[in-house]
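Take a look at the structure below.
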Amino acid sequence: MANKADKVKARLPRGLVDRHASDIRATDKMLAAIREVYERYGFDPVETPMLEYTDALGKFLPDQDRPNEGVFSLQDDDEQWLSLRYDLTAPLARHVAENFNEIQLPYRTYRAGYVFRNEKPGPGRFRQFMQFDADTVGAPSVAADAEMCMMMADVMEAVGIKRGEYVVRVNNRKVLDGVMEAIGVTEEGQKLTILRAIDKLDKFGLEGVKLLLGAGRKDESGDFTKGAGLNERQIDKVLILFKIEDFAAEARASNSHYTEGVESGIIDARKAEDIRTKGIFGGLLHNLVGSARGLEGATELQQIWDMVVAGGYDDGRIRIDPSVVRGLEYYTGPVFEVELTAQIPNEKGEIVRFGSVGGGGRYDGLVSRFRGQPVPATGFSIGVSRLMTALKNLGKLGEGDVLAPVLVTVMDGDMEAMGKYQDFTQKLRAAGIRAEMYQGNWKKFGNQLKYADRRGAPLAIIQGADERANAQVQIKDLIEGKRLSEEIESNEEWRSSRPAQVTVKEEDLVAAVKRMLDEQAADRAVGA
RNA sequence: GCGGUCGUAGCUCAGUUGGUUAGAGCGCAGGAUUGUGGCUCCUGAGGUCGUAGGUUCGAUCCCCACCGACCGUACCA
């Protein structure tokens with residue numbers, strides 16, 4: 001044993017978590033549900049390693065020989081830099097480029113896996129987390145983007161989020177580019193600053209975004225964030241993106257035909273969405289006059305919307321929203337994200353806006369980075385860990401739905417008795433019942449039941465010398481016993497009464513256990 | 001990275017204006033009860049007071065640095 005002085009401290013690196021039985025089971029269940037949707041859409045699985053050459057990820061620091069700080073990196077023995085993948089898209093691009101001649105395009109593929117980001121962790125943000133992606137490589141048409149949006153909606157419902165509790169919001173980077181072009185912003189750094197500022201709307205509100213677009217913003221600790229340096233007129237132009245929605249809403253509210261139509265039910269959800277969307281496109285076209293790129297983006301959005309309508313997803317599941325940005329640089333066209341709209345309490349029970357649980361978009365440049373020809377691609381990513389957290393906080397995660405094993409207790413240590421216990425255990429297992437024989441120190445019998453109790457075992461099997469002599473076993477219902485214990489005060493009575501315990505013949509053990517488990521299951525069903 | 005708050009037992013936290021053996025509750029282990037979970041009672045283990053320096057006769061307390069946690073902010077490709 002290690003000396004006290006040089007004992008190694010057991011500690012988990014920050015931003016990482018150990019996963020327990022219930023997390024793993026719940027995750028497996030969720031992954032299966034998502035996989036089923038992807039398969040139904042005709043996507044096939046592929047797996048790539050967690051490590052890639054850093055240049056394949058495109059993650060070298062500008063003007064330096066070192067990988068970006070955000071990725072975990074190490075140097076191979078040939079001095080080449082390797083990095084842990086930070087998303088699943090860049091490795092897919094590498095895979096497709098490397099196997100270009102063998103892969104039939106359009107390539108429809110999905111994969112789940114852990115990704116790693118060397119960033120400051122926060123609540124619900126980790127340095128290792130799971131994503132579940134689907135992509136179509138080699139599909140130039142926005143029909144592929146529309147399909148992605150519809151599939152995202154189906155995934156939400158497959159994991160138990162009801163219609164109306166989520167929304168897939170769609171925009172197009174070209175629209176944003178068009179707006180920036182229209183106000184004369186051409187410098188890449190400034191463009192990025194503007195995009196980041198827009199992305200912070202839900203965090204800081206319109207006023208905060210205004211400051212970030214202009215001179216800058218000071219937070220409550222006194223820290224100052226430099227802004228994009230736009231002038232008043234330019235800021236207004238950018239903020240139009242958010243105001244289109246408001247203007248359209250105002251126009252509807254002040255139109256008596258509309259309000260009456262909604263009240264009388266003539267305008268249903270789908271019709272309302274149609275009117276809303278028309279308003280947004282009207283606003284977009286009006287504000288993008290003179291920007292070829294912006295108009296191209298609006299046209300693509302219109303095409304996506306037409307397909308959403310054709311697919312029947314125009315009932316609020318998918319919406320056009322010019323304020324969607326997405327952080328990643330590599331998007332070239334449509335971008336989308338799925339947001340939970342349900343009221344979700346956090347760990348402290350406060351209602352918070354949970355935000356995005358998945359997102360994606362078109363990345364036409366990513367595969368062609370490796371090849372001399374254009375390879376259009378689009379896809380999206382579900383943040384499995386975030387989605388899990390949301391479902392857990394919503395109370396939609398069926399916890400403890402795996403029953404703990406039946407415990408076969410050990411009362412005597414001689415070979416005859418031990419053989420019996422082993423036999424009981426295997427017979428239960430052969431009948432498909434989770435069972436285990438007590439493997440701790442059996443000499444303290446009370447500890448065995450305490451163990452069973454804490455483990456949540458539904459039943460305990462007991463056979464001492466007396467029962468063995470009569471070829472009998474006792475089956476103790478631990479759930480019922482626990483309930484009865486509330487009525488008993490003295491320990492002597494509690495022990496001698498042996499509550500919720502039955503004696504059966506050895507050969508009836510399996511049948512009796514099955515019957516008692518079924519009864520417990522029926523009780524649970526009534527309670528739930 | 002920047003700013004702030006904090007760090008005492010496995011957990012939640014007291015405490016000392018700088019002074020001898022640092023406490024409680026919960027949890028854990030043993031016993032009352034050598035064949036029965038819960039309740040009750042008794043007993044016990046467990047602490048370099050985050051780490052390392054400095055000031056001091058003396059530091060868990062004051063000062064400095066580092067580490068870690070939390071909050072805000074930046075970054076999030």
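In what follows, chains are A, B, ... by sequence order, proteins preceding strands, each numbered from 1.
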Shortest side-chain distance from [X], nucleotide among [options]:
X: A:T225; options: B:A74, B:G38, B:U36; answer: B:A74
X: A:N447; options: B:G37, B:U73, B:G30; answer: B:G30
X: A:V71; options: B:A77, B:U73, B:G35; answer: B:A77
X: A:F445; options: B:U36, B:C76, B:G30; answer: B:U36
X: A:W494; options: B:G37, B:U73, B:U36; answer: B:G37
X: A:R14; options: B:U36, B:G68, B:A77; answer: B:G68
X: A:R454; options: B:G68, B:C28, B:C76; answer: B:C28
X: A:N491; options: B:G37, B:G30, B:G35; answer: B:G37
X: A:E119; options: B:C75, B:G31, B:U73; answer: B:C75
X: A:K203; options: B:A77, B:A74, B:U36; answer: B:A74

May I ask you to list the residues of residues 459-467 of chain A, by number, that have any heavy atom positioned under 4.0 Å from an atom of RNA chain B?
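The stretch gives A:I462, A:G464, A:A465, A:D466, A:E467 as the residues lying under 4.0 Å from the strand, ordered by number.
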What nitrogen or oxygen pairs link the protein and nucleotides 42-44 of chain B at under 3.5 Å?
none

Could you check whether [X] gets within reach of a base, just the sugar-phosphate, or nothing at all, counting any heavy atom under 4.0 Å?
X: A:Q448; result: nothing
X: A:K226; result: nothing
X: A:D477; result: base
X: A:F204; result: sugar-phosphate
X: A:G70; result: base

Please tell me if [X] has a side-chain N or O lying less than 4.0 Å from either OP1 or OP2 of [N].
X: A:R117; N: B:C76; result: no
X: A:R127; N: B:C76; result: no
X: A:K450; N: B:G30; result: no
X: A:R495; N: B:G37; result: yes

| said: Nearest whole Å is fine: how far is B:U34 C1' from A:D412 CG? | reply: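 Rounding to the nearest Å, CG of A:D412 and C1' of B:U34 are 12 Å apart.
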With rounding to whole Å, what would you report as the distance between [N] and [M] at their [atom1] atoms?
N: B:G18; M: B:C62; atom1: P; result: 7 Å
N: B:G37; M: B:A24; atom1: C1'; result: 28 Å
N: B:U5; M: B:A77; atom1: C1'; result: 31 Å

May I ask you to decide if A:V137's main-chain N or O and A:D135's side chain share a donor-acceptor pair within less than 3.5 Å?
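No.
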When you measure from the side chain of A:R169 to the backbone N and O of A:V335, does any donor-acceptor pair fall under 3.5 Å?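 Checked: no pair found.
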> Which class fits the ring pair A:F336 and A:F380: parallel under 30°, tilted 30 to 60°, perpendicular over 60°?
Replying inline: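 Aromatic pair A:F336/A:F380 classed perpendicular.
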Using the side chain to side chain donor-acceptor pair (under 3.5 Å) criterion, which residues pair with A:E181? Sequence neighbours excluded.
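Per chain and number, A:E181 pairs via side chain to side chain donor-acceptor pair (under 3.5 Å) with no residue.
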task: State whether the number of non-hydrogen atoms from other residues, nucleotides or ligands found under 6.0 Å of A:K191 atom NZ is greater than 12.
output: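 Correct, the count exceeds 12.
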Walk me through whether A:E436 and A:L407 qualify under side-chain contact (heavy atoms from CB on, under 4.5 Å). CA-CA 5 Å; A:E436 69 180 61; A:L407 182 74; 3.7 Å; yes
